[in-house]
Amino acid sequence: MMTIEDPMNKKQAIPELKVHHKSAKKQELRSTIFAYVVLIALALLWLYPIMWIVLHSFRVEFRDGILIGTVVSHYIPKGFGLNNFVNLFQNTLFPRWFLNTLFVATVSFILSTIMTLSVAYVMSKIKFRQRKLFLNIAIIVGLFPGFMSMIAIYYILKALGLTETLFALILVYSAGSGLGFYVAKGFFDIIPNSLIESARIDGATNLIIFTKIVLPISKPIIIYTALLAFTGPWMDFIFARVILGETNRHLHTVAVGLYYMVHGSQYADGNQFTMFAAGSLIVAVPIVTLFLMMQRYYIEGVTAGAVKG
Amino acid sequence: MKKIVLLSLIMMTSLIMWGCSRQDPLVIWVGAEVQEFYEAKMVEYVEYYNSVNDSEFPFQIEVRAADTGSAAATFLDDMDAGPDILTVAHDNLGRLISGASAIQPIQNPALLAQIEAQNPETFLRVIKGSVGGETYTFGVPYEAQALILYYNKDFLNEDDVETWEGIWDVAKANNKRALSITGTDGFNNSFLVLATNAETGSTSLKLYEDGVLENTFGLGDDTMSVLKWGQRFFQDPNGARQPSDSGWEVDFANEAILSVIGGAWHFRAARASLGDNLGIAVLPQFTITEADAYGEIQPGTVFQSGTFTDTKMFVMNRSSDKLEYLEDILLFLSHKDVQEQSYIQNNTLPAYKNALSEFSAMQNDDISTQLAVAQLSMFDYGIPQPFGAEARFNVYYYQRGAPDLILAILRDPDNAFTTDALIFAEMERVQRIWFGER
Amino acid sequence: MDQDVSKHNGFIRFIQNTMNSVLSGGKQYITRFKTGSIGTKMSHLVMGSGNIYHKQFAKGLIFLGLQVLFLSIFIFNPEINNTPIGFKALGNFITLGTEEGTLFGALADNSMLMLLFGVVTFGLIMVFIITYLTNIKSAYASDLLVRSGAKPTTFKDDVTALFDSRFHVLLLTPTIIGVLTFTILPTLFMIFIAFTDFDREVRPGLNLFKWVGFENFTAIFTGTGEIAERFFPVLGWTLIWAFFATFTCYIAGILLALVINKRTVKFKKLWRTVFILTIALPQFISLLAMQQILSEHGPVNAALLNIGLIDEPFAFLSQAKTATTARISVLTINLWIGVPYTMLMTSGILMNVPKDTYEAAQIDGASKRQAFFNITAPYIIFITTPYLITSFIGNITSFNIIFLLTGGEPNVPGNIAGKTDLLVTWLYRLTIEEGDVNIGSVIAIFTFIITASATLISYRRSKAYKEEDTFQ
């Protein structure tokens, strides 16, 4: 697969290495400086929008006594304050939206995590007849564009009498979550089968093996799965918007509510960007903190998933 | 772990129980800007109901903020989930009643009498619809709306805004844009499409007149001249444009544009953009030049910008199980006093006739009165969207792409409409869409 | 090698397998009826009687209960929203409703619910058949146990088995139920919709729609109308987008990872964290902010104006003068979103580049550049190929970026698809915003075929899949 030895190089490279030893050091210094310059520039580029949102959320500028809510062209605000946050809590349903999202996220992350790990474990460690078939179906089924079938999902939920409750959203988020078993399966695959077999010889049932032996050593993947399941509802807005309806403002999640602050319909008072920024900050801070705290697990999961394919 | 599972199970079960055990409230959809107002009004109504009747009002009432532009469509998607009373613009009437009607006609004589007594003739015509050979009144008008001009008083004075050319000249002198429209739909191009000869007040344009599909015409010499004028206006770097990605509010605040065509629902945003510099006027006139003249229309002919004049009305969900209570509520909510209170609190324009002279609140000289006066004045130059008769008219006019084609003629980004013949051919296409041909 | 060949004809093999299992199932059915006890014979008519015969009352009653439940649904046709589920639903599925509704009295039949409930009823029948076969199998299993001198399993045994030998049933059931109701059922429903005339003028409950066969497909693929006119440009741009979005992010991500992982660079974790921030930030926030930052009066335009690079605000996104400008803009912003992922991925891989070969090469005197191109690069490419394919697929269905940044604009006059619309955003507009559900469904099916075949190809070539075969 990989050719590493090239006889031509071998002959020429050795004297080169010696001759350029000193300048090589200099070159390395130069390339290090270059790397730092690139990194700093890129970091600024990546932090620029984030900083911009933060600054906007605290921006308090007035025009003839009216708080300016739209985007302004100067980067650094001319005045700071908490007016946007106060507005957000007093004049919008944001607190309600926040609790809605928190509720949906909590319940659906518990359900999703249980379901995802269950499926992954079964697909990885339990041998049964139709296993391969299930595996193939699971991979194909997950590919149909989800929101395409939203209209049908809406009516199924309605037939179940659930359309105007947050429970509908919880079902939508967690029902299919088992299909996202792939990364977790990759993790379970690494656990040696011998571990499980020796437990079985000791008389442990499959339930005991799963809960007492496999899960305790699977902390990284549990956290990875839970992290994604918990943050999902905070980020999705298409499903939340269609399933819970645009008119039910008290049933919005934060994403839907905040979206309408920027893109109000033609008949609504749109473009309250500073309030959007304030709301975004309130949503983003816990989520980002959670992410950074769990960074290690996230990276492990992502890398494993990618390499496994 | 077990505890968590158990806990979540209990939580879910109780949620389902709660979801199933709730009693249906009586739901009313109104525009977001008046939601609080009507919520308070409904509290008043319940008090009133309880004092008149011996019994308590049997339902909880929820007044929800809904987007009145899309309310009809949302409602038709799922009637059962819809409210008991909803607010729609009158031009949605057609699609609500075509085929099997989704809304209930008004039968309460007191309410019918109040509607007849309160509203101007133009509205009375468009809230009625013919179903199975019988004509019924379906809607209860309670707000009116028309397009007007918002402008920047720093740059423009009252004389400038009498004509588009006046605004255009100032824009040229300051290297700004004269105008932004707020959206690209068929409502926004009405200032040109519905323009009338300022002298005679007439236009050859016809849109489904008397509810007849064939009574539609958009190829008159005057329409062509107006479009050619509009093309010059939209193509000029200092002329008219669509809103930028920042939004028209930001364009307005940054003085990139000097005026905006909008409705009352844009007032708050416009005021936030310009503060005390916000001016309000009726839509300006404009003069056809040599370059625009087409057919019989002589250079120098003056046109007055037009608008659709709408009424927002309450309608009743036909599948509501609370129908017997609804008409009494509407009688209360659409009363002229409530309309005036709503005007004072929310700047909504009353649908009541002679509001200009009858409502004391309209005699002030502040910006919100100017808003009302400008709109009421626009009613002289506007026509109610005449699509009430049939659902498909509305679809043909708005949804089949005709507004985009008109905007394409006006903006002409690829120089595809440089000759009269090309514009005419495109308008023929537009007219075919209006007729419902694909 | 022979095995390999047969593996690639998976579809044929699948058909064969299915045929075989149906045949053997049929044989079993007959054998069980012939050789089974009287209880088993009874089970062919009354579910659960075999179990009751063997005194497995709980199990038998559950089967019986299921049969009663199913038959009562099937016969009594309970109605939800005035539309029946049951055998009437099968007829309704064919007609899609006949009652046109009167003006103020009855509503029209709800074609959409009839279609949906038809699918549901088919599903119920399938579930019933499976339960029915399970019931016979269970009765026969007890027969065999008794014949061999053992006792039939008790209900407690069966429940215990769920936690041990049949643990996979317990673990998979919630997911199977969830996926059947909220993924497969709706998907089938939407596929059927593609064969109807459910467009923007249909309002379920007020007027009917009907089956039209392949009309929608021919309208898109061979027609000359607006939809057909837009379809191929949108498809083309979708593929171009997916290609460039994947490779730009891939290359830039690898370069970034290389810089961060450079031996002499300090604070590696800090640098990485900076970029992870973007992943953690909900996309609707970062994209809506980006849209405003790049807008005509946003800070970027202000800065460009200040420097004097431009004289008037430049439109990057939906108001862009040319489609190419808008497209380059969304691809660039996509870099901001996508690069951190690739960076993370390749960082992990870079640390795992086999050290010994690397060192060997160094000792052999290979220069850094040579070492990179001969060792690191092939290794990275080799190991990330599956990721490349999944991310290509992900980009085909990448909804948020286009929807939140441009909404598909700049628009093409007279058409509903804009110049940055991808298949998925276009079908969102068509279905959710415009109500042309039938055309949207055709596009969804098409998108599904593209992504599914790409996935299948990549998956079947992947290491994971090949290892799968050795597993059992």
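Naming: A, B, ... by sequence-line order, numbering from 1 per chain. As a basis for the values below, the full set of heavy atoms in this structure was taken, side chains included, without hydrogen atoms, waters or symmetry mates.
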Can you tell me which of A:Val172, A:Leu117, A:Leu42 forms the most heavy-atom pairs within a distance under 4.5 Å of chain C?
A:Leu42

Taking every heavy-atom pair that is under 4.5 Å apart, which of C:Ala452, C:Ala302, C:Pro174, C:Ala289 has the most such pairs with chain A?
C:Ala289

Measure the CD1-NZ distance between A:Ile137 and A:Lys132 for me, rounded to the nearest 0.5 Å.
13.0 Å

Pick from A:Leu290, A:Val283, A:Leu29, A:Ile50: which one has the most heavy-atom pairs with chain C under 4.5 Å?
A:Ile50

Below 4.5 Å from any heavy atom of chain C, which atoms of A:Val242 appear? Answer side chain, backbone, both or neither.
side chain

A:Trp52 versus chain C, heavy atoms under 4.5 Å apart: side chain, backbone, both or neither?
side chain

Atom pair CG (C:Leu277) and CZ (C:Arg272), whose distance is rounded to the nearest 0.5 Å:
14.0 Å

Select one option (side chain, backbone, both, neither) describing which atoms of A:Thr116 are under 4.5 Å from chain C's heavy atoms.
neither

Proximal component of A:Thr231, with respect to chain C [non-hydrogen, under 4.5 Å]:
neither

Check whether A:Leu258 gets within reach of chain C through its side chain, its backbone, both or neither, counting any heavy atom under 4.5 Å.
side chain

Interchain contact, C:Ile293 with chain A, by part (heavy-atom threshold 4.5 Å):
both

Parallel, tilted or perpendicular for A:Tyr259 and A:Phe237, by the 30°/60° rule?
tilted

Toward chain C, the part of A:Phe276 with a non-hydrogen atom under 4.5 Å
side chain

Heavy-atom distance under 4.5 Å to chain A: side chain of C:Leu305, backbone, both or neither?
neither

Under 4.5 Å to a heavy atom of chain A? For C:Phe284 that would be both

Highest number of heavy-atom pairs under 4.5 Å with chain C among A:Val38, A:Ile287, A:Leu179 belongs to A:Leu179

Option that, when pairs with chain A are counted at under 4.5 Å, heavy atom only, ranks first among C:Val274, C:Leu172, C:Ile85, C:Val259
C:Leu172

When you compare the side chain of A:Val119 with that of C:Leu171, does any pair of heavy atoms fall below 4.5 Å?
no

Measure distances from A:Leu47 to the heavy atoms of chain C and classify the residue's part below 4.5 Å as side chain, backbone, both or neither.
side chain

Of the listed C:Phe189, C:Phe275, C:Tyr341, the one with the largest count of heavy-atom pairs under 4.5 Å with chain A is C:Phe275

Give, as side chain, backbone, both or neither, the part of A:Tyr48 having an atom under 4.5 angstrom from any heavy atom of chain C.
side chain

Do C:Asn261 and C:Ser347 meet the criterion of a side-chain donor-acceptor pair at a distance under 3.5 Å?
yes

Between the CG atom in C:Leu335 and the OG1 atom in C:Thr342, the distance rounded to the nearest 0.5 Å is 9.0 Å

Counting only non-hydrogen atoms closer than 4.5 Å, does A:Arg241 touch chain C with its backbone (N, CA, C, O), its side chain (CB onward), both, or neither?
side chain

What part of A:Leu292 is in contact with chain C, defined as an atom under 4.5 angstrom from a non-hydrogen atom: side chain, backbone, both or neither?
side chain

Heavy-atom count around C:Lys269 NZ within 6.0 Å, excluding the residue itself: above 12?
no

Region of C:Ile177 that comes under 4.5 Å of a non-hydrogen atom in chain A:
neither

Among C:Gly298, C:Ala280, C:Ser295, residue most engaged with chain A (heavy-atom pairs, under 4.5 Å):
C:Ala280

So A:Phe134 and A:Phe128, would you call those rings parallel, tilted or perpendicular, with 30° and 60° as cut-offs?
tilted

Who among A:Trp234, A:Tyr36, A:Tyr75, A:Phe34 has the most heavy-atom pairs with chain C under 4.5 Å?
A:Tyr36

With chain A, the option among C:Thr346, C:Ile279, C:Ile260 that has the most non-hydrogen atom pairs under 4.5 Å is C:Ile279

Does the C:Thr431 side chain pair with the main chain of C:Val437, one donor and one acceptor, at a distance under 3.5 Å?
no

Structural part of A:Leu133 lying under 4.5 Å from a heavy atom of chain C:
side chain

So which of A:Ile299, A:Leu39, A:Ile153, A:Val72 has the biggest tally of heavy-atom pairs under 4.5 Å with chain C?
A:Leu39

Between A:Ile53, A:Ile156, A:Ile209, which shows the greatest number of heavy-atom pairs under 4.5 Å with chain C?
A:Ile156

Check whether C:Trp271 gets within reach of chain A through its side chain, its backbone, both or neither, counting any heavy atom under 4.5 Å.
side chain

At a heavy-atom distance under 4.5 Å, which candidate from C:Pro340, C:Ser286, C:Ser391 has the highest pair count against chain A?
C:Pro340

